[in-house]
Number of protein chains: 2
Amino acid sequence: MQVRTPVDFGLMIRQARRARGITQQELARAAAVGRQWIVEVEAGKPRAEVGRVLQTLAALDLSLTIHGEGIPELRESEDPAEDIDLDAVLEAHRRTPP
Amino acid sequence: MQVRTPVDFGLMIRQARRARGITQQELARAAAVGRQWIVEVEAGKPRAEVGRVLQTLAALDLSLTIHGEGIPELRESEDPAEDIDLDAVLEAHRRTPP
DNA sequence: CTGAAATGTAGTCGTTCGACTACTTTAGGA
DNA sequence: TCCTAAAGTAGTCGAACGACTACATTTCAG
């Protein structure tokens, strides 16, 4: 989903938190922030610190993606487990045993 | 590209800014922030305010996407101009004139 | 190589942050 | 309905923010 404003962050954090069935208190501990801060961020606080927001998204297993002119689709080293053809690997192994 | 830390934001903002050939000063005006702030954010300042970061991304025409368990792919009203088959529309119009 | 533009650094100042504690209000299961 | 946990509100306090001005450093076209 698109994130355009701090309110969007708040909605998404709340939604994800509820989907996981955890309380603000628990999320606060997991993200290493105060519970009060979670309350404010879920309400869309525009001046919250990015670092903490990212920590919180990470604690919820949410991932952020950025795109636009001049932005590479992936960083090198990103998506490290991409499209491995397991059959091919096994076949190769079979042909050159230890 | 994935954004995991404030440094990632900094890198992307700088890259997009350069891709557009504008200076920190110009970006600062476009995003309604101080130039000094741009300097710090491009360096990965973790305590910058989310609101301003979003303003800056918008000023650069960058878009942020969030995904994960419990997050809808799109909000209703998002992606309003999706996949219109122009031919089909014209064909329909041809069959039922004003 | 030179010099102007772009970028980075330093310090001031009023404002706001976020952790914390302590209450109040809301909500939902027994 | 009641009653406990969850969620929201209030106030304090040290720390950091971000705009600003002024200066230093880097970059790169000519």
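Letters go in sequence order (proteins before strands), and every chain restarts at 1. What you see is a predicted model; the values in this text were computed from it and never measured.
Picking from dA7(D), dG18(C), dT7(C) the nucleotide with the shortest atom distance to the side chain of Arg17(B) gives dT7(C).
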Original post:
For Asp61(B) and Arg20(B), what are the C-alpha separation, side-chain angles and deciding distance, and is it a side chain to side chain contact (heavy atoms under 4.5 Å, CB included)?
Top reply: CA-CA 10 Å; Asp61(B) 252 314; Arg20(B) 287 159 184 68; 4.3 Å; yes
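If you take CH2 of Trp37(B) and P of dT7(C), they are 16 Å apart, rounded to a whole angstrom. Atoms CD (Glu40(B)) and P (dG18(D)) sit 7 Å apart, rounded to a whole Å. The distance between atom CD of Gln24(A) and atom P of dA27(C), rounded to the nearest whole Å, is 13 Å. Atom CD1 in Ile38(A) sits roughly 15 Å away from atom C1' in dC17(C) (whole-Å rounding). Following rounding to the nearest Å, Gln25(A) (CD) and dC20(C) (C1') show an atom-to-atom distance of 12 Å. Rounded to an integer number of Å, the gap from CG of Leu27(B) to C1' of dA19(D) is 16 Å.
Side chain of Glu40(A) to main chain of Trp37(A): no donor-acceptor pair is present (N/O by atom type, distance under 3.5 Å, no hydrogens or angles).
Neither OP1 nor OP2 of dG8(C) sits under 4.0 Å from any side-chain N or O of Gln36(B). One finds no side-chain N or O of Arg35(A) lying less than 4.0 angstrom from the OP1 or OP2 phosphate oxygen of dA5(D). Phosphate contact (OP1/OP2 of dA27(C), side-chain N/O of Arg18(A), threshold under 4.0 Å): absent.
Counting only heavy atoms from C-beta outward, the side chains of His67(B) and Met12(A) never approach each other to under 4.5 Å. Proximity of Leu64(A) to Phe9(A): side-chain heavy atoms (C-beta onward) are separated by under 4.5 Å at one or more points. Inter-residue side-chain proximity for Thr56(A) and Val41(A) is flagged as unmet; no heavy-atom pair is nearer than 4.5 Å. Arg47(A) is not listed as a side-chain neighbour of Val50(B), based on a closest heavy-atom distance of 4.5 Å or more.
In this view, Arg29(A) satisfies the side-chain hydrogen bond (donor to acceptor under 3.5 Å, both in side chains) rule with no residue, not counting sequence neighbours.
Pro6(A) approaches Pro46(A) most closely through the heavy-atom pair CG-CA, 3.5 Å. Of all heavy-atom pairs spanning Gly70(B) and Ala19(A), the tightest one is CA-CB, 4.0 Å.
Listed by residue number, the members of residues 41-59 of chain A with any heavy atom below 4.0 angstrom from DNA chain D form an empty set.
Each end of the helix from dC1(C)-dG30(D) to dA30(C)-dT1(D) yields a helix axis from five base pairs, and these two axes differ in direction by 60° (to the nearest 10 degrees).
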